[in-house]
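Residue numbering restarts at 1 for every chain, and letters A, B, ... go by the order of the sequence lines.
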Amino acid sequence: MVPEGAIHYLSHHTTRVLMKYNPSEIEKKWQNFWDETASFEPKDEKSLPKKYVLSMFPYPSGRIHMGHVRNYAIGDAIARYWRKRGHNVLHPIGWDAFGMPAENAAIKNRVHPKKWTYENIAYMRKELAALGLSFSKEREFATCDPLYTKYEQGFFVDMWNRGLIYRKKGYLNWCPHDKTVLANEQVIEGKCWRCDTPIVQKEMYQYYIKITDYADELLEDLKKLESGWPSQVVAMQRNWIGKSVGLEFSFLLDDESKKRCEIDSFKVFTTRPDTICGVSYAAVAPEHPLVDSLLEKGLLDEDAKKSIEKMRAMPVRERNMAEKEGVSLGIYAIHPITKERVPVWVANFVLMEYGSGAVMAVPAHDSRDYDFAKKYGLPIKPVIFPKNGELPEGEAFTEDGVVRGCDGFDGLFGQEARDAIIKWFEENRLGKKVVNFRLKDWGVSRQRYWGAPIPMVHCQKCGVVPEKKENLPVTLPEDVEITGEGNPLEHHPTWRECSCPKCGSEAKRETDTLDTFVQSSWYFLRFTTPRKLWEDVAFDKDECRYWMPVDQYIGGIEHAILHLLYARFFTKVLRDLGYVEIDEPFKRLLTQGMVLKDGAKMSKSKGNVVDPDALVQKYGADTARLFILFAAPPTQELEWNDSAVEGAYRFLRKVYDRAMKVEPCDTLPKIDHSSLQKSEKEARRKVYEALEKGEEVYGERFTFNTLIAAVMEAFNALDKQQNEKVWQEGVWILLNLLEPIVPHISWELSERLFKRNNFGSLEVCEEVFEVESVPMAVSINGKPRAQIEVSPDATKEEILDIARAAVPKWLEGKSIVKEIVVPGRLVNLVVK
RNA sequence: GCGGACGUGGUGGAAUUGGUAGACACGCCAGACUUAGGAUCUGGUGCCGCAAGGUGUGGAGGUUCAAGUCCUCUCGUCCGCACCA
């Protein structure tokens, strides 16, 4: 050990060698530097090329977990890369701060949700800071900030005024004991998660946003996202929207049936109008009005009533598991083409929520209808036949085929038959082409405290009226007690009291709050605008025009549908309201894989959680970031491995030790490549290969694991030679490449060695790829047999001469049938 | 059932346009240094074989001079939707 004072007497060079990699010191130093110099704030220079890099903002649950580390390490790497390439980079962070966990904590620990949330934010902000993430601190906000709520409520009012929001009765999970509405996730096996009381379905007024008005555009614009989004996510959204095109027509009841139930007809929807002549019965959902009517009039016998009760009692979600069941209603409909009488049944497989809640049943060509017909002995009448071959036996033929036995349409196939039949219905005014979506309108009411209040007022005279914009935000009262019973807003002594924005008379505030997905549907727009304008606007139009769309969005696959669909929807609505000018908010999307330990998702209950704080404390943020980006490509699941973390640390220590032996310099050294030895040339080549890899990885592929591997290879190659200039050049470039991944150590070393002049765009030096000889493989009949070295400009004949000479053993007694030369790769000789 | 992804050493993973499979790392083995090592350094490491060689990317076929990569079938794992008419 050298006494501290002694260092002054040693040379500069020796001093550096004596220093050891000390991540906690280095990391603190640079985090302070970045903080003090506000290094990562976007510039107000709209002439610069921009990149908006966004990792999905976190919910302030209390502590960060490895999923966060991965999410932000990926985003930070991309942001830092573009910043170094001279782009104006927006890389913000905020907090998705409303939601149930805050209320649950309030119930459990008697702490106010607001206090709990802001304290969590403060703690997690520190945790994220310790990772050295290059966030814009100036633009940070929480969605529960009243200033954010203000504009969200403003949008709600705009949408209401535009007719995009309506109120409708909907069924909600209701716990009769706690007197509260429960989210689906809070219902466990039909019981309340807190008190175990069986939940009931309660019908209540709810606010809905008409996302279905945008269903077609949301589907259509997925095409614009195909190049930048994972195909999986695009497919999931397409699926979720669930567009189907078909025929809607009305079944008229026969005269006697009309009289009995006082209903003339009911609508059905089918995607297979070509099968219409195979209809042998019609089926309606247990909740269908036709059934109500018959029940009211007492026209069904006891058995039928009982079966219908039973069907209705089963939750819709469970019905698909149950066996097909049904009852004949004793009434008949007239087939629109054949004019035959077809019996009307009620069936448990028909859903009231989809289409019109009634179907035409074609047992010969629909497997559900088939099962049902078999069970109840209903006729099965094939009208579609395969082009070649026979109808299958014992099952429905559901593929496209040729129509036979349907007057006027015989001989038509598949789509042409469907089109012709739809045309016939339209001409005869009996039905029309209809598009149906699986997507439902978005119910945004939540009967909870910790959310953005819905800015509506109930007036005795005027009805439901939006609050005046100048009165926004409608803020939450703070003097509430959260007990878990009911909605605290309803029970507050004064909060509800207000005057009607329209007529001024006494009125009451709406007590529902907004779904938290509303907040996350526009937070990325808020980030585009500097804080100084936040009092005045939700977001500035010019700023928005410059920064949007988000160039790279990064987050978990669990948001593939809801969040990403709502955010796309909101963007389109805000466009139509004149706030933004883009159609799609996220140009490119990266869905990161989960972090696993022992093959399972990390969770407290499994006890397999690795705490990021502990990891950072032991090895430093750079090691944590390096491991997480090296262990797997970002889209794949990542299996935690303690010894691989050690390996990452070991690599950084090696980098530090080796770099510290390099003589400092201010510019990239000039090297006469031709005068170098083989190992030196090899080292340069590896370094520049890594540089090329870097552009591909940061710009396009995000497979950081392969870039890190290339950097490791380059370091290994540098280690095999002693040329100081080659070392300088190598470290200059490799630190530039590593900076987005392991920023602290890179800034520390680059500052010491190069005054950080190596942080910029680097040019690839082409001459290092010029070689005197290229290695090639010689294979015989496709099997590699020998290695040869040939000159890079050797002709095909010269290469073949060398190749043949290298494998005499394999040519003995054989004749060459074919010779293939792939320059720079291999020679394949086909022998017999 | 529909839609999507995936399957490569003991492990995580490379191989981007079909062109020397297993880069890089973890682990393991051997050696060096050491009072010691769960530190560090050097070398080795797909499998079978002393070797020559054989064999090998879930399985079976096929296309090709050449297949992890393309095609057909099949098995398995994971994810999303689901009596959606």
Side-chain angles (χ1 to χ4, degrees), chain A residues 230-244 246-248 268-272 275 283 285 316-317 319-324 347-351 353-362 365-369 371-372 398 436-439 557-558 560-561 591 593-594 626-627 630-633 635-648 650-651 653-654 657 693 696-697 700-701 703 705-716 775-787 809 817-831:
Chain A
S231 59
Q232 193 196 170
V233 177
V234 173
M236 280 162 78
Q237 292 218 350
R238 186 167 284 136
N239 222 309
W240 186 262
I241 297 168
K243 179 178 180 170
S244 55
L247 169 70
E248 185 187 82
V268 295
F269 172 72
T270 179
T271 54
R272 291 295 305 275
T275 66
V316 176
R317 282 160 186 243
R319 289 189 198 171
N320 64 341
M321 322 272 248
E323 202 190 322
K324 303 229 172 339
N348 66 342
F349 68 88
V350 183
L351 306 174
E353 301 93 87
Y354 189 77
S356 53
V359 296
M360 64 176 215
V362 187
H365 305 297
D366 181 285
S367 50
R368 293 157 305 182
D369 300 346
D371 293 346
F372 193 84
T398 57
N436 249 308
F437 292 97
R438 205 196 73 97
L439 183 70
I557 186 80
E558 66 272 20
I561 297 173
T591 48
M594 274 194 302
L626 179 66
F627 166 74
F630 182 51
T635 53
Q636 261 177 54
E637 288 181 337
L638 183 151
E639 174 69 31
W640 195 264
N641 180 336
D642 286 326
S643 51
V645 176
E646 291 270 358
R650 212 150 47 212
F651 171 70
R653 206 172 49 208
K654 268 191 228 170
D657 291 345
K693 193 92 194 160
E696 181 193 318
V697 167
E700 200 57 38
R701 297 203 338 137
T703 48
N705 53 329
T706 62
L707 172 62
I708 295 163
V711 170
M712 287 174 169
E713 276 189 75
F715 265 109
N716 292 343
M776 285 177 74
V778 182
S779 54
I780 305 293
N781 295 340
K783 289 205 164 92
R785 296 298 180 191
Q787 278 288 327
K809 181 178 155 191
V817 187
K818 199 165 183 179
E819 297 168 328
I820 284 114
V821 177
V822 184
R825 295 280 182 183
L826 56 73
V827 175
N828 190 23
L829 303 175
V830 184
V831 302

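A/Lys243 is linked by a salt bridge (charged side-chain N to carboxylate O under 4.0 Å, His left out) to A/Asp216, counting only residues two or more places apart in sequence or in another chain. Partners of A/Ser356 according to the side-chain hydrogen bond (donor to acceptor under 3.5 Å, both in side chains) rule, which considers only residues two or more places apart in sequence or in another chain, do not exist here. For A/Glu713, the side-chain hydrogen bond (donor to acceptor under 3.5 Å, both in side chains) criterion is met by A/Lys686, not counting sequence neighbours. Residues passing the side-chain hydrogen bond (donor to acceptor under 3.5 Å, both in side chains) test with A/Arg650, sequence neighbours excluded: none. Evaluation of the side-chain hydrogen bond (donor to acceptor under 3.5 Å, both in side chains) rule for A/Glu700 yields no partner, not counting sequence neighbours. Legend: residues meeting salt bridge (charged side-chain N to carboxylate O under 4.0 Å, His left out) with A/Arg653, ordered by chain and number and at least two apart, are absent.
Nucleotides B/C65 and B/A52 have their C1' atoms positioned 26 Å apart, rounded to a whole Å. Separation of the P atoms belonging to B/G9 and B/G58 is 7 Å when rounded to the nearest angstrom. A gap of 16 Å separates the C1' atoms of B/U55 and B/G68, to the nearest Å. Between B/U35 and B/C28, the distance separating the two P atoms is 24 Å to the nearest Å. B/A21 sits 10 Å from B/A14 when the C1' atoms are compared, rounded to a whole Å. Distance check on atom P: B/U45 versus B/A25 gives 14 Å, rounded to whole Å. The P atoms of B/G43 and B/G53 are separated by 26 Å, rounded to the nearest whole Å. Taking atom C1' on both B/G54 and B/C71, the two are 29 Å apart, rounded to the nearest angstrom.
Summarising the geometry, the separation between CE on A/Met712 and C1' on B/C26 is reported as 10 Å, rounded to the nearest angstrom. Rounded to a whole Å, the CG atom of A/Asn781 is 8 Å from the C1' atom of B/C65. One can place CG of A/Leu707 at 14 Å from C1' of B/A23, the figure rounded to the nearest angstrom. The distance from atom CE of A/Met594 to atom P of B/A5 is 18 Å, rounded to the nearest whole Å.
Residues A/Glu248 and A/Asn436 have side chains not in contact (no heavy-atom distance under 4.5 Å, counting atoms from C-beta outward). Looking at A/Arg785 and A/Val778, their side chains never come closer than 4.5 Å, going by heavy atoms from C-beta outward. In this structure the side chain of A/Phe715 reaches within 4.5 angstrom of the side chain of A/Phe651, judged on heavy atoms. Residues A/Leu829 and A/Glu819 meet the side-chain proximity criterion, which asks for heavy atoms closer than 4.5 Å. Using a 4.5 Å heavy-atom threshold, the side chains of A/Thr706 and A/Glu696 count as separate. Counting heavy atoms from C-beta on, the side chains of A/Val359 and A/Thr270 never come closer than 4.5 Å. Here the side chains of A/Leu638 and A/Phe627 are in contact, with some heavy-atom distance below 4.5 Å.
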Using nucleotides 39-45 of chain B, report all nitrogen or oxygen pairs with the protein that are shorter than 3.5 Å.
{"residue": "B/U40", "atom": "OP1", "partner": "A/Arg653", "partner atom": "NH2", "Å": "2.8"}

Nucleotide N/O to protein N/O under 3.5 Å, stretch nucleotides 11-22 of chain B:
{"residue": "B/G12", "atom": "O2'", "partner": "A/Ala631", "partner atom": "O", "Å": "2.5"}
{"residue": "B/G13", "atom": "OP1", "partner": "A/Gln636", "partner atom": "OE1", "Å": "3.1"}
{"residue": "B/G13", "atom": "O3'", "partner": "A/Asn705", "partner atom": "ND2", "Å": "3.3"}
{"residue": "B/A14", "atom": "OP1", "partner": "A/Asn705", "partner atom": "ND2", "Å": "3.3"}
{"residue": "B/A15", "atom": "OP1", "partner": "A/Arg701", "partner atom": "NH2", "Å": "3.0"}
{"residue": "B/U16", "atom": "N3", "partner": "A/Glu696", "partner atom": "OE1", "Å": "3.2"}
{"residue": "B/U16", "atom": "N3", "partner": "A/Glu696", "partner atom": "OE2", "Å": "2.4"}
{"residue": "B/U16", "atom": "O4", "partner": "A/Lys693", "partner atom": "NZ", "Å": "2.3"}
{"residue": "B/U16", "atom": "O4", "partner": "A/Glu696", "partner atom": "OE1", "Å": "3.3"}
{"residue": "B/U16", "atom": "O4", "partner": "A/Glu696", "partner atom": "OE2", "Å": "3.0"}
{"residue": "B/U20", "atom": "O2", "partner": "A/Gln787", "partner atom": "NE2", "Å": "2.6"}
{"residue": "B/U20", "atom": "N3", "partner": "A/Gln787", "partner atom": "NE2", "Å": "2.8"}

Would you list the protein and nucleotides 59-61 of chain B atom pairs, both N or O, that sit under 3.5 Å from each other?
none

Could you list, one pair per line, each protein nitrogen or oxygen that sits under 3.5 Å from a nitrogen or oxygen of nucleotides 54-57 of chain B, together with the distance?
{"residue": "B/G54", "atom": "OP1", "partner": "A/Arg785", "partner atom": "NH2", "Å": "3.1"}
{"residue": "B/G54", "atom": "OP2", "partner": "A/Arg785", "partner atom": "NH1", "Å": "2.7"}

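Classification of B/G9 as syn follows from a glycosidic angle within 90° of 0.
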CA sep, side-chain torsions, deciding dist, call: A/Met360, A/Thr275, side-chain contact (heavy atoms from CB on, under 4.5 Å): CA-CA 10 Å; A/Met360 64 176 215; A/Thr275 66; 3.6 Å; yes
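Smallest separation of non-hydrogen atoms from A/Arg319 and A/Asn348: CD-O, 3.6 Å. Across A/Ala560 and A/Gln237, no two heavy atoms sit closer than the pair O-NE2, 2.9 Å.
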Reading 5' to 3' through nucleotides 80-85 of chain B, protein heavy-atom contacts under 4.0 Å coded B for base, S for sugar-phosphate only, - for none: BSSBBB
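Inspection of the A/Ser779 and A/Asn828 side chains reveals an N or O donor paired with an N or O acceptor under 3.5 Å.
Figure legend: cation-pi geometry between A/Lys324 and A/Phe349, with NZ or CZ positioned under 6.0 Å from the six-membered ring centre and within 45° of its axis.
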Would you write the dot-bracket representation of RNA chain B, where each base gets (, ), [, ], | or . depending on whether it forms a Watson-Crick or G-U pair under 3.5 Å and with which partner? (((((((..(((......[....)))((((((.......))))))(((....)))..(((((..]....))))))))))))....
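Counting non-hydrogen atoms of other residues, nucleotides and ligands closer than 6.0 Å to CZ of A/Arg238 gives a total above 12.
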